[in-house]
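As C-alpha cells, the structure follows; a few thoughts come after it.
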Amino acid sequence: MDFSLTKEQEMLKKVAAQFAEAELEPAAEEMDREHVFPVENFKKMVKVGFTGIGVPREYGGVGGGALEKVIAVSEFGKKCMTSASILSIHLIAPQNINKYGTPEQKEKFLPRLTSGGELGAFALTEPNAGSDAGAVKTTAILDKETNEYVLNGTKCFITGGARAGILVVFALTDPKKGLKGMSALIVEKGTPGFTGGKIESKMGIAGSETAELIFEDCRIPASNLLGKEGQGFKIAMQALDGARIGVGAQAIGIAEGALDLAIKYSKERIQFGKPIGTLQGIQWYIADMATRTMAARSLVERAAALEDAGKPYSKESAMCKLFAAENARFVTNLALQIHGGYGYMKDYPLERMYRDAKITEIYEGTSEIHKVVIARAVMG
Ligand code: COS
C-alpha cells in the first residue's frame with residue numbers, strides 16, 4: 001500500500017498546519033472560556049478554501065475528497081478541536097448537495113457554502129431520535145397547490161444550526177411509512193417559520209454552536225428536495241458514513257496534538273534531577289500513545305481512501321471512528337497525566353483537550369452504534 005501523499009496533498013497539509021498554528025491555536029483558549037463561535041476564523045477558513053474541500057471548482061470548491069478532508073481537519077484538530085469540528089461538520093452540507101443535488105440546486109447553493117462564507121449544517125437529530133435516527137418525527141407535507149413542503153418539528157444538538165445559512169434537514173414527507181417516508185430538504189436561514197432555539201452549554205468544543213432548531217409551518221419550495229422523496233434515511237446514513245471519517249480525523253488530530261505536547265513536556269520537566277522522559281514509565285506511555293495514534297490514522301486514511309475510490313466504506317468508517325475516538329480519550333488522558341498538576345490547570349491546554357476529545361465518542365454516532373454497524377457488517 002502506498003501511504004505517501006501527492007504533491008498537492010503535501011501542500012494542503014503544510015498550509016493547514018500553518019493556518020492552524022497561526023490562526024486557530026491563539027484563539028482556542030478564549031473560545032473555550034467564552035463559548036464564542038470563531039466568526040473571524042471561519043471567514044479566514046473560507047478565504048483559504050478549506051470550506052470548499054470535496055466540491056468541484058466550478059461550484060467554488062477546491063476539489064479533493066475524503067483524504068483531503070482528513071488532512072485539513074486533523075491538522076486543525078492538533079491545535080484547536082472546536083475549529084476542526086466546525087470545518088468537518090460544515091463540509092457535510094456542501095458534499096451532500098454536490099452528491100445528490102440537481103444541477104440547479106448545485107448552482108444555487110454550493111457557491112454560497114464553498115467560497116461564499118455561509119456555514120452549512122446537517123439537521124437529523126431530534127429529542128427522541130438520537131441513536132435511533134429512523135424515529136424522526138419532524139414532518140414535511142407537500143402542499144400541492146403551492147408546490148411547497150410545510151415543515152413542522154424540532155431538531156436538537158445541531159452543530160452550527162442557528163448560525164448556518166444553508167441546512168440539510170431530514171423530515172417525514174410520508175409519516176405513515178416511518179423511515180422509508182423520510183426525505184432530505186435544503187433549508188435556508190431566514191425562511192419564515194424557522195427559528196433557532198436553545199444554544200447548548202457543553203463540556204467541550206465550546207466555540208462550535210450547538211443549537212435547537214424549530215420549524216413551525218415553515219414553507220420550503222419543492223425544488224429544495226434533495227434526492228427523491230423517501231430517500232432521506234439512506235442519504236442521512238451515507239452522509240454519516242462520510243461524516244464519521246471527519247470525526248475520525250478530528251480524533252487523530254487531537255491525539256497527535258496531545259502526544260506532541262506530552263513528548264515536549266516529558267523532555268523539559270525535571271524531577272529527581274532528570275527529565276521525566278528518561279523514566280521508563282513515561283516512555284511506555286509515550287510508546288503506547290504513538291502506536292495507537294498511528295493505528296488510528298491508518299484506519300482513518302484507509303476509510304477515506306475507500307470512499308475516494310468509490311468503494312463500500314460504511315464498516316471501515318465506523319471502525320475508524322470507533323477506534324480513533326477511543327484513542328483520542330486515551331491519549332489526551334495520558335498526556336494530561338504526564339503533565340501532572342499542570343495538566344489539570346487551565347493555564348495548560350491539556351484539560352481543554354481532554355474535555356474536547358470526549359465528544360468524538362458521541363457525535364455522528366456513539367461508539368456503541370458503531371459497534372452495531374460493525375457487528376452487522378462482519379456477522380451478516
Ligand atoms: N448506507 C446506505 N444505506 C443504509 C446505511 C448506510 N450506511 N445504513 C442503513 N442503510 C439502509 C438499510 O440498507 C435499510 O434499507 P432497506 O430497507 O432498503 O434495506 C435502511 O437504511 C434502514 O436500515 P436499518 O434497518 O439498518 O435501520 P435501523 O433503524 O436499524 O438503524 C443505525 C441503523 C442504528 C445504523 C442508524 O439508525 C444509525 O446510524 N444511528 C445513529 C445515528 C447517528 O449517528 N446520529 C448522530 C446524528 S448526527 S450528530
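Source: prediction; values computed, not measured. Both ligands and their constituent atoms are indexed starting at 1 by order of listing.
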Lys/Arg cation over aromatic Tyr354: Arg329, 6.0 Å, 45° cone: no

Ring centres under 6.0 angstrom apart (Tyr363, Phe157): no

First-shell residues of ligand 1 [heavy atom, distance under 4.0 Å]: Thr125, Gly130, Ser131, Ala133, Leu179, Lys180, Phe233, Lys234, Met237, Gln238, Leu240, Asp241, Arg244, Ser314, Glu364, Gly365, Ile369, Val373, Arg376

All salt bridge (Lys or Arg N to Asp or Glu O under 4.0 Å) counterparts of Asp143, not counting sequence neighbours: Arg219

Pairs involving residues 330-354, ordered by first then second residue, that meet salt bridge (Lys or Arg N to Asp or Glu O under 4.0 Å) (sequence neighbours left out): Lys346-Glu351, Glu351-Arg355

Pairing residues for Lys108 by the side chain to side chain contact (heavy atoms under 4.5 Å, CB included) criterion, not counting sequence neighbours: Glu188

Atom pair CD1 (Ile199) and NE2 (His35), whose distance is rounded to the nearest 0.5 Å: 12.5 Å

